[in-house]
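All ligand and atom numbering here is 1-based and tracks the order in the structure.
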Amino acid sequence: MKPFYSPWRHVFKLDPDRTLSDEALDRVCMSGTDAIMVGGSTGVTYDNTVELLSRVRQYEVPCVLEISNHEAVVPGFDLYMIPMVLNTTRAEWLIGHHQRAIRDYGYMMPWDQLVPEGYIIMNGDSAVARLTEAQTDLTAEEAVAYAQAGDRLLSLPIVYLEYSGTFGDMELLGRVKRSMHHSQLFYGGGIDSALKAQQAAALADTIVVGNIIYENMERALETVRAVK
Ligand code: 1GP
């Protein structure tokens with residue numbers, strides 16, 4: 001059986017640490033996007049995650065939590081995405097936090113709802129790159145090799161090429177896609193127009209749109225129409 005997320009083409013990522021009015025949230029949830037992913041690199045707490053989940057739950061759109069901090073794991077999401085940063089220089093971001101969470105909470109893990117994502121972080125100026133001390137100055141060959149390590153070696157269901165905050169190298173995205181054997185390829189970073197959404201969606205299986213929601217709602221909504 002194909003996973004629940006395999007048909008997703010467009011995902012909006014909402015940050016619990018940022019403010020979104022009810023009207024804006026309504027537009028996001030009714031936009032026709034395939035899913036809402038809740039996540040952020042900093043300032044994500046149990047309380048702000050519960051609050052955002054309860055607001056999104058008024059809508060039918062699937063809602064998944066991307067876990068960045070195991071103290072902010074809230075029950076009631078449809079799925080839990082577990083980032084494993086393939087190009088971090090710190091083992092804790094690849095497997096260490098995960099091991100500690102399993103040690104402490106393994107007895108109550110909803111294993112069937114966990115989906116690991118192999119992150120390749122490409123924008124060295126992003127909060128996530130600084131937090132995880134990712135090695136971002138990669139050649140195309142090195143980036144593709146990380147993607148293949150996630151796909152072929154670790155059999156991760158998702159490989160996520162992450163340019164958070166800046167629009168990435170579409171040629172590299174195409175190369176990564178062509179190197180994929182079975183992983184679903186997510187692309188995120190700097191999608192702030194219909195054109196960029198189309199370009200990234202032509203190469204990746206699933207595009208993730210974040211920042212522009214908080215900057216320009218009309219443009220954010222265009223990204224859904226561009227790919228759906
Ligand atoms: C961030 O990949 C997402 O994790 C989306 O990036 O915020 O730049 O759209 P942006």
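- For Y119, no nitrogen or oxygen atom sits less than 3.5 Å from a nitrogen or oxygen atom of ligand 1, counting backbone and side chain alike.
- In the vicinity of N211, heavy-atom distances shorter than 4.0 Å reach the ligand 1 atoms 7 (O), 8 (O), 9 (O), 10 (P).
- Atoms of ligand 1 found under 4.0 Å from any heavy atom of V208 (numbered from 1 in listed order, with element): 5 (C).
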Q | Full working for salt bridge (Lys or Arg N to Asp or Glu O under 4.0 Å) between D22 and R55 | A | CA-CA 8 Å; D22 286 341; R55 293 173 68 204; 2.9 Å; yes
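- Heavy-atom separations between Y160 and ligand 1 include at least one value shorter than 4.0 Å.
- When non-hydrogen atoms are compared, ligand 1 lies under 4.0 Å from neither the backbone nor the side chain of Y163.
- The aromatic rings of H97 and W93 are tilted relative to each other, their planes meeting at an angle between 30° and 60°.
- Under the 30°/60° scheme for interplanar angles, the aromatic rings of Y160 and Y119 are found to lie parallel.
- With respect to atom 4 (O) of ligand 1, the closest heavy atom belonging to the protein is E162 OE2, 2.5 Å.
- Every atom of ligand 1 with a heavy atom of G188 under 4.0 Å away is listed here by number and element: 2 (O).
- In this structure, V159 and A147 approach most closely via the heavy-atom pair CG2-O, 4.0 Å.
- Some N or O of G165 is nearer than 3.5 Å to an N or O of ligand 1, by distance alone.
- In summary, the atoms of ligand 1 found under 4.0 Å from a heavy atom of G210, numbered by their order in the structure, are 5 (C), 7 (O), 9 (O), 10 (P).
- Of the possible donor and acceptor atoms, one in the side chain of T132 sits under 3.5 Å from a partner among the backbone N and O of V128.
- Between S41 and A127 the shortest heavy-atom distance is CB-CB, 4.3 Å.
- The side-chain hydrogen bond (donor to acceptor under 3.5 Å, both in side chains) test with Q184 is passed by exactly one of D205, T206, D151: T206.
- Annotation for ligand 1: atoms under 4.0 Å from non-hydrogen atoms of G190 are 8 (O), 9 (O), 10 (P).
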